[in-house]
Each structure stands twice: as C-alpha cells, then as structure tokens.
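Presented below is the structure to which this report refers.
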Amino acid sequence: MKVYYGIEETTAVKGCCLALGNFDGVHRGHRALIGLAVEKARERGRASVVLTFDPHPAAVLAPGASPDLLTTQSQKEELIAGLGVDYLYFLPFSSSLAALPPEDFVKDLLWPSFRPSLVVVGFNYSFGRGARGNPGLLEALGSEMGFEVVVLPPVKIGERIVSSTAVREALAAGEIGLARDMLGYWPTLAGRVVKGDGRGRTLGFPTANIAVPGEIRLPAHGVYACRMLLPDGTRRSGVANIGQRPTFGKGFSPTVEVYLLDFSGDLYGGQVRLELRAFLRPEQAFARKEELIAQIERDVRLARELLQA
C-alpha cells in the first residue's frame with residue numbers, strides 16, 4: 001500500500017474506487033466499507049483508494065479538547081493496509097477545509113483530484129461546512145458528475161450499531177469483550193516505555209510505564225489482564241493499571257502501567273503495544289501497603305487464569 005500525506009500525487013489513481021471517511025479505530029463497519037471498495041476495484045481493474053483526514057476533524061473543530069481517538073495514525077495505516085488497499089491518502093484537515101461547502105468539496109477537490117468511478121461511504125457520513133453534506137447529497141452530485149455512490153448500511157453486533165462512538169462507550173464502561181467484537185481486534189494502546197516513579201518495584205511488582213499519546217482515548221480506569229507486544233516482536237502476558245493510583249494520593253494524571261508476568265529486562269525507550277483482554281476491577285485506594293500487595297497478587301493470579309484459558 002502506498003501512503004500519501006496530501007493529494008498532490010493522484011495521477012495513478014484516476015478512475016479509482018474510493019472509500020471516504022474518518023475511519024478512527026478501523027472497526028468492523030469501516031472494514032466492511034473499505035472492503036467493499038477493494039472488492040469493486042478488483043472487479044473493475046481499478047485502483048482501490050482510502051481517503052481520510054489528518055488531523056482528525058475533531059482536533060480542528062474543537063481546539064484544546066482531546067479528540068479521544070481509538071488509534072494513532074500509524075495504527076490506522078497498519079490496519080487499513082491489512083485490508084488490501086492500494087493507496088491511502090491523508091488529506092490535511094484545516095479550518096478552511098471545514099468551512100468548504102459540501103458541493104465545493106466534491107466539485108473542486110474530490111472530483112478533480114481522483115476522478116473516482118465509485119465512492120463508498122457509510123450511512124451516517126457527513127462532510128462540508130456545518131456537516132451539511134450527507135450520502136443523499138453525494139449521490140446527487142455523483143449522478144451529476146458521473147461517479148457511482150454506494151452507501152453502506154449499518155453494521156450491527158446484535159442490536160447495537162457499530163461505530164467509533166459505540167466503541168468509546170464500551171471502553172468507558174470497561175466492556176472489553178464488546179469493544180473487541182465491534183473493532184474486530186483487541187483494544188490496543190500504543191506508546192513508548194518511559195521512566196516512572198519506581199513504586200511498583202518497591203512493592204515487588206516492577207512496571208513498565210507507557211506514554212500513550214494524549215489524543216488517545218483511555219478505557220475505564222482500573223486493572224486489566226493484558227498482552228503486550230514488545231519491541232523485539234514477542235508477546236508477554238501482564239496486568240495493567242490504568243488510572244490515577246488513588247492509594248498514593250490525589251491529583252495524579254492518568255497513567256498506564258504494566259506488570260509483565262515472568263519477565264525481567266529493560267524496556268525503557270522502546271515502543272510497545274498493549275492489548276487489553278479483560279477488565280479485572282476498578283481502581284481503588286488501600287489504607288496499607290500490605291493490602292495493596294495482596295490485591296495485586298490476586299490480580300496476577302486471575303490474569304494468569306484468564307490469559308491461559
């Protein structure tokens with residue numbers, strides 16, 4: 001898959017089958033949408049293209065607020081590449097692009113740049129100034145300009161519509177299994193291992209402290225059974241604490257700390273990925289260090305059982 005930041009190099013993809021959207025999380029709904037564009041492109045002998053935005057529109061439309069993303073840009077690239085896409089374009093999102101009327105977005109940007117033969121969008125896709133553009137308008141513009149539009153209906157897990165918002169809600173409730181069902185993969189946090197305050201080591205449970213980018217949505221604060229992908233490509237089971245460590249006082253910023261089972265080694269500075277497998281319990285404060293140690297021991301035993309099952 002070729003990746004471009006900007007839409008200057010589009011000559012090779014004219015006539016493509018194009019999937020359009022934000023694709024935060026690249027969940028099952030996104031996968032179905034992108035997969036349809038890839039399928040149609042192969043049937044027609046065309047290039048398959050994904051057009052998305054960087055930064056996420058939420059970061060521009062609500063400056064100063066965290067967009068609460070499910071994936072970093074590199075994770076998004078990797079997930080989309082796994083769907084067989086030929087070309088991925090990140091269109092720089094700005095306040096001027098947000099102010100563009102939806103008709104102008106299609107006529108002055110999308111059409112001249114890509115000349116798509118087919119555009120695939122989700123049932124609830126919106127675009128252009130004030131989010132006034134919708135699939136119906138896109139279909140009308142496609143009929144006028146000469147490209148086909150396919151609108152993907154909702155993808156559901158049971159009665160629940162799969163969406164990035166629904167995944168965030170599941171994570172906020174600690175519903176890791178539901179989040180996995182909607183994503184199609186285990187919820188993942190990625191970041192660099194950094195120096196912590198060493199408290200875990202004094203308790204007998206040394207932890208790796210992961211600096212997760214600030215724009216990424218953290219799940220419910222609490223303790224999780226997890227699997228970590230290490231810099232050398234191996235995976236290790238562990239117990240993660242995500243939150244503000246109430247035993248040690250108030251006012252701490254949320255942290256992600258992982259105790260790896262049966263592991264000793266130096267991970268400082270390395271990039272890791274943490275797969276959340278099960279929510280074990282909420283965060284809680286302990287009056288005595290011995291009580292905290294006993295609880296961590298119980299967490300470790302439970303994590304071993306769950307991860308070996």
Side-chain angles (χ1 to χ4, degrees), residues 3 5 23-26 52 54-56 58-59 64-82 88 90 164 167-168 171-172 176 179-180 183 185-245 248 251-280 283 296 299-300 303 307:
V3 182
Y5 301 92
F23 304 124
D24 180 34
V26 195
T52 189
D54 180 55
H56 189 283
S66 171
D68 283 342
L69 302 182
L70 298 170
T71 46
T72 63
Q73 183 170 288
S74 62
Q75 286 176 288
K76 183 186 287 191
E77 288 182 22
E78 183 178 316
L79 290 164
I80 290 174
L88 170 60
F90 286 97
S164 298
V167 174
R168 293 186 193 99
L171 291 173
I176 299 303
R180 183 189 185 280
L183 288 168
Y185 58 91
W186 290 108
T188 302
L189 297 172
R192 187 176 299 278
V193 178
V194 298
K195 292 280 187 181
D197 55 21
R199 282 198 177 96
R201 188 172 301 278
T202 66
L203 297 172
F205 298 93
T207 58
N209 294 265
I210 305 173
V212 177
E215 69 270 17
I216 297 298
R217 173 64 177 260
L218 293 179
H221 289 184
V223 179
Y224 294 81
C226 63
R227 295 275 284 170
M228 184 188 283
L229 178 64
L230 304 186
D232 64 3
T234 61
R235 276 185 166 81
R236 289 279 185 167
S237 297
V239 177
N241 187 89
I242 299 175
Q244 295 173 299
R245 302 174 295 172
F248 302 106
F252 288 105
S253 298
T255 60
V256 179
E257 301 177 273
V258 184
Y259 170 65
L260 294 177
L261 309 184
D262 310 314
F263 176 82
S264 63
D266 185 358
L267 298 175
Y268 290 128
Q271 285 285 345
V272 297
R273 290 192 181 184
L274 184 67
E275 296 177 351
L276 302 178
R277 296 298 185 93
F279 181 74
L280 301 183
E283 267 198 315
I296 295 174
D299 296 336
V300 169
L307 296 170

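Residue numbers start at 1 and run along the sequence shown. Source: prediction; values computed, not measured.
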Provide the closest heavy-atom pair for [X] versus [Y] in the form atom of the first, atom of the second, distance.
X      : Y      : result
Gln271 : Pro231 : O-CG, 3.5 Å
Ala208 : Val193 : CB-CG1, 4.1 Å
Leu280 : Ala225 : CG-N, 3.7 Å
Cys226 : Leu274 : SG-CD1, 3.4 Å
Leu218 : Pro254 : CD1-CB, 3.9 Å
Gly25  : Leu79  : O-CD1, 4.0 Å

Between Tyr5 and Phe90, what is the ring plane arrangement, given parallel below 30°, perpendicular above 60°, and tilted in between?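 Rings of Tyr5 and Phe90: parallel, as their planes differ by under 30°.
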Would you please test Arg277 and Ile176 for side chain to side chain contact (heavy atoms under 4.5 Å, CB included) and show each step? CA-CA 7 Å; Arg277 296 298 185 93; Ile176 299 303; 5.7 Å; no
Evaluation steps, salt bridge (charged side-chain N to carboxylate O under 4.0 Å, His left out), between Arg217 and Asp24: CA-CA 11 Å; Arg217 173 64 177 260; Asp24 180 34; over 6 Å; no
Between [atom1] of [X] and [atom2] of [Y], what distance do you get to the nearest 0.5 Å?
X      : Y      : atom1 : atom2 : value
Leu229 : Arg236 : CG    : CZ    : 12.5 Å
Ser237 : Glu275 : OG    : CD    : 10.0 Å
Thr71  : Leu189 : OG1   : CG    : 11.5 Å
Arg273 : Leu230 : CZ    : CG    : 13.0 Å
Thr52  : Lys76  : OG1   : NZ    : 3.5 Å
Glu78  : Thr188 : CD    : OG1   : 9.5 Å

Show the numbers, then the answer: is there a side chain to side chain contact (heavy atoms under 4.5 Å, CB included) between Asn241 and Tyr259? CA-CA 8 Å; Asn241 187 89; Tyr259 170 65; over 6 Å; no
Within the 4.5 Å heavy-atom criterion, are Arg180 and Pro187 side-chain neighbours or not?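 Answer yes - side chains close enough.
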Non-hydrogen side-chain atoms of Phe279 and Pro219 separated by less than 4.5 Å: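 Result no, sub-4.5 Å side-chain heavy-atom pair not found.
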Quick one: list whatever passes ring-ring contact (aromatic ring centres under 6.0 Å, His included) with Tyr185, sequence neighbours left out.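 With neighbours one apart ignored, the set is empty.
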For Arg192, what residues pass the salt bridge (Lys or Arg N to Asp or Glu O under 4.0 Å) criterion, not counting sequence neighbours?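 Partners of Arg192 by the salt bridge (Lys or Arg N to Asp or Glu O under 4.0 Å) criterion come out as none, since no residue qualifies.
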The test is side chain to side chain contact (heavy atoms under 4.5 Å, CB included); show your working for Ile216 and Leu69 and say whether it passes. CA-CA 5 Å; Ile216 297 298; Leu69 302 182; 4.0 Å; yes
Yes or no on side chain to side chain contact (heavy atoms under 4.5 Å, CB included) for Val212 and Thr255, after CA distance, side-chain angles and deciding distance? CA-CA 8 Å; Val212 177; Thr255 60; over 6 Å; no
Can you name the one residue among Val272, Val239, Leu267 that meets side-chain contact (heavy atoms from CB on, under 4.5 Å) with Leu260?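 One option only clears the test, and that one is Leu267.
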